[in-house]
Visitor: 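Once you've had a glance at the structure underneath, I'll fire off some questions.
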Amino acid sequence: MKKIVVEYVETAVKKVAAERGFAEAELPEITVALPREKSFGDFSTNIAMQLAGRWKDNPRAIGQAIKNELESRDELAEVSIAGPGFINMTLRLSLWHQRLREVYAAGARFAELDYGAGKRVLVEFVSANPTGPLHIGHGRGAVVGDVLARLLRRTGFVVDREYYVNDAGNQMRVLGRSLRWRYLEILGKRQGEIPEGYYQGKYLLDLARDLLAESGRELVDPEIPEDDDAGLELFTEFAATAILDGIRADLDQFGVGFEYWTSEKEFFVSGKVDAALADLEDRGVIYAEEGALWFASSRFGDEKDRVVVRANGVKTYFASDIAYHREKFSRGYDLLVDIWGADHHGYVPRLTAAIEALGGKPESFAAILVQLVSLSRGGDPVAMSTRAGEFVTLREVVAEVGRDAARYFFLTRRSDSHLEFDLELAKAKNNDNPVYYAQYAHARICSIMRKITDEGLFDGELADFNGASLTLPEELELIKKLDSLPGLLESAAQALEPHKITYYLDDLAAQLHSYYNRNRVISEDGKVAGDRLLLFAAIQQVIKICLTLLGVSAPEKM
């Protein structure tokens, strides 16, 4: 409805402008918002105040002229001016009833938008190092990325999802040494604490047992020094492959999939890193100093220049990231979205600088930072120490609370805000649990629909009702809430904020439950019953749309 009201205001403003001798090209963009207070009406605009400076006139006088034009529209029940020049508008009830019928008629396709206009987007997320299983922090990033991809597709973008496998560099050497140490430990050839800096998790003991069982023989000289990497590749490859297989399985169980799995190691082997650095050198933004090669990122807004090849000839992770993003753009994407942990905050400006140096537009890259997750049980903290290899895996959380609750809980706050995940609350079967509250709203409506069918309480066709008897304030608010979903999804897509879907669903479920507790759906008046069932059917459709976007099931019974 907001877009319709914008059209009303645009028409009125253009007419007033023409009467005053101002060209349409000089007019600012018309914006319409919800008033601060419901008593002010359905929509409000500040266009009169925007025009006051340009037209050298009092904003209330301009507002009055626009108001006079708007009052000629039958669709508007009331137009008023408030404060310094806000124009408040109230639509006739019949328009809201018509909108309800449109929402119901659209069914599952309601709020499918063309906002993205077919632009291609690549969302890269999770991308955890294949050095250990996924933990709950990875789970939060997985949900943010997956739901964002669903949201962008719903709003008209063409979206691919990618997992960047960080399988190169020193971390992989450390992984190989860690597995070798555990392997020799179970053979009785190593004793004491695993060396400082090695991966500590007990999952490596399981991998070592698997490797021994698979090989059936000793694969390494038990006397080999820890700093000797002879034959280490076998241990590194076995660990990386097994861990990555586990990551794939965990994500699949979590309802998260990818179109592409891309190897960092391949960028070095194929020469893509060298090609990217050569490209930057040709553009005059690579220079040598103190035996190292530097990227002049400070020329593009970064706080300082960055090393891409160290003095010992080893290329940095940043060098491979430059090559990776250069390759992404070569695939024809209009927008790259990376989802990183909050500790990567300082990485954003340097990568943005690299993209600009390579000829890309800074606005064609966006990074979403995901804050840490703390785990609690009934309010009591659950201790975790990644350094000691003691952490709660995503697999464990999903096994305990279920996929639906885990996915929903990860989006109960903005991604850049710290999240406390309470395991007991996530399992609770009551209204304090937000996912239960939302799913129960859907199941409640399904139950009503089953009851009227099984008991023969209503035999009409909902499509035959027009909603005209829905005149209670809470009924109108529910219709307005349904109407706002397209705008909400467009806003969430524009800001890359998938948590807005969860917030919307929380509000809609609360409104539905409140209305249901105060009003009879099936009344003796067949017209009222039909209209209320029409409203409930539309709400059910919208709840299911939102739950599907979140990757959460919409149960019909609970």
Side-chain angles (χ1 to χ4, degrees), residues 126-142 163 165-167 169-222 224-229 231-254 256 341 343 372-377 380-401 403 406 421 423:
V126 185
S127 298
N129 299 337
T131 54
L134 298 178
H135 54 63
I136 58 171
H138 297 135
R140 189 181 189 187
Y163 188 116
V165 184
N166 301 116
D167 53 0
N170 185 61
Q171 64 187 3
M172 303 310 294
R173 183 179 303 106
V174 173
L175 175 64
R177 288 182 176 181
S178 302
L179 178 60
R180 185 176 65 184
W181 201 96
R182 291 298 193 188
Y183 181 85
L184 291 171
E185 180 184 26
I186 63 175
L187 289 174
K189 308 299 184 180
R190 289 285 189 272
Q191 295 181 348
E193 295 294 324
I194 191 169
E196 181 77 16
Y198 282 22
Y199 292 106
Q200 305 288 316
K202 294 180 180 179
Y203 62 91
L204 286 168
L205 276 171
D206 295 331
L207 288 179
R209 294 188 184 98
D210 291 343
L211 178 58
L212 182 60
E214 184 176 303
S215 64
R217 59 187 176 83
E218 293 188 16
L219 298 173
V220 63
D221 181 353
I224 191 170
E226 281 303 313
D227 60 356
D228 189 338
D229 288 345
L232 190 66
E233 185 175 348
L234 183 150
F235 291 90
T236 301
E237 289 297 323
F238 183 87
T241 299
I243 291 171
L244 189 59
D245 286 345
I247 288 173
R248 288 176 183 266
D250 288 350
L251 290 171
D252 182 64
Q253 181 187 19
F254 200 38
V256 177
D343 57 340
L372 297 174
V373 180
S374 62
L375 205 60
S376 65
R377 191 179 293 280
D380 297 325
V382 175
M384 293 184 291
S385 172
T386 53
R387 181 176 180 82
E390 300 169 357
F391 52 84
V392 179
T393 65
L394 175 61
R395 183 182 303 177
E396 291 170 324
V397 171
V398 173
E400 180 169 350
V401 308
R403 183 168 85 179
F421 193 116
L423 293 165

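In what follows, every heavy atom counts, from backbone to side chain, and hydrogens, waters and symmetry copies are set aside. Just so you know, residue 1 is the first one in the sequence shown, and it goes up from there.
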Visitor: Holding to side chain to side chain donor-acceptor pair (under 3.5 Å), I want the full list of residues that pass it with E237, two or more places apart in sequence or in another chain.
Guide: K265
Visitor: Between the side chain of Q200 and the main-chain N/O of Y198, is any donor-acceptor distance below 3.5 Å?
Guide: yes
Visitor: Quick one: side chain to side chain contact (heavy atoms under 4.5 Å, CB included) partners of P225, sequence neighbours excluded?
Guide: D227, D228
Visitor: Dump the intermediate steps for side chain to side chain contact (heavy atoms under 4.5 Å, CB included) on L175 and I243, then the final yes or no.
Guide: CA-CA 11 Å; L175 175 64; I243 291 171; 4.0 Å; yes
Visitor: Got a second to check how far L134's CG is from Q253's CD, nearest 0.5 Å?
Guide: 11.0 Å
Visitor: Of all residues at least two apart in sequence or in a different chain, which pass the side chain to side chain donor-acceptor pair (under 3.5 Å) check with D343?
Guide: none
Visitor: With rounding to the nearest 0.5 Å, note down the distance linking CG in L211 to CG in D206.
Guide: 12.5 Å
Visitor: Looking at residues at least two apart in the chain, or sitting in another chain, which of them share a side chain to side chain donor-acceptor pair (under 3.5 Å) with R395?
Guide: D250
Visitor: In sequence, state the C-alpha distance, the side-chain angles, and the governing distance for S215 and F238, and then conclude on side chain to side chain contact (heavy atoms under 4.5 Å, CB included).
Guide: CA-CA 11 Å; S215 64; F238 183 87; over 6 Å; no
Visitor: Who pairs with T236 by side chain to side chain donor-acceptor pair (under 3.5 Å), at least two apart in sequence or on another chain?
Guide: none
Visitor: What pairs with F254 under ring-ring contact (aromatic ring centres under 6.0 Å, His included), at least two apart in sequence or on another chain?
Guide: none
Visitor: Listed by chain and number, what are the side chain to side chain contact (heavy atoms under 4.5 Å, CB included) partners of A242, not counting sequence neighbours?
Guide: L207
Visitor: Working to the nearest 0.5 Å, report the span between NE2 of H135 and CG of L375.
Guide: 12.0 Å
Visitor: Of all residues at least two apart in sequence or in a different chain, which pass the side chain to side chain contact (heavy atoms under 4.5 Å, CB included) check with R190?
Guide: W181, L184, E185, I224, E226
Visitor: Any side-chain to backbone donor/acceptor pair from Y183 onto F235? Under 3.5 Å, distance only.
Guide: no
Visitor: Please list all pairs passing the salt bridge (charged side-chain N to carboxylate O under 4.0 Å, His left out) test where one or both residues lie in residues 127-137, with sequence neighbours left out.
Guide: none
Visitor: Working to the nearest 0.5 angstrom, can you tell me the gap between L234 CG and L179 CG?
Guide: 9.0 Å
Visitor: Got a salt bridge between R377 and D380, using NZ or NE/NH1/NH2 to carboxylate O under 4.0 Å?
Guide: no
Visitor: Does H138 reach the side chain of P133, with side-chain heavy atoms less than 4.5 Å apart?
Guide: no
Visitor: Excluding sequence neighbours, so at least two apart, what forms side chain to side chain contact (heavy atoms under 4.5 Å, CB included) with D229?
Guide: R173, R177, L232
Visitor: With side chain to side chain contact (heavy atoms under 4.5 Å, CB included) as the test, would you mind laying out the steps for Y163 and L251 before giving the verdict?
Guide: CA-CA 11 Å; Y163 188 116; L251 290 171; 3.9 Å; yes
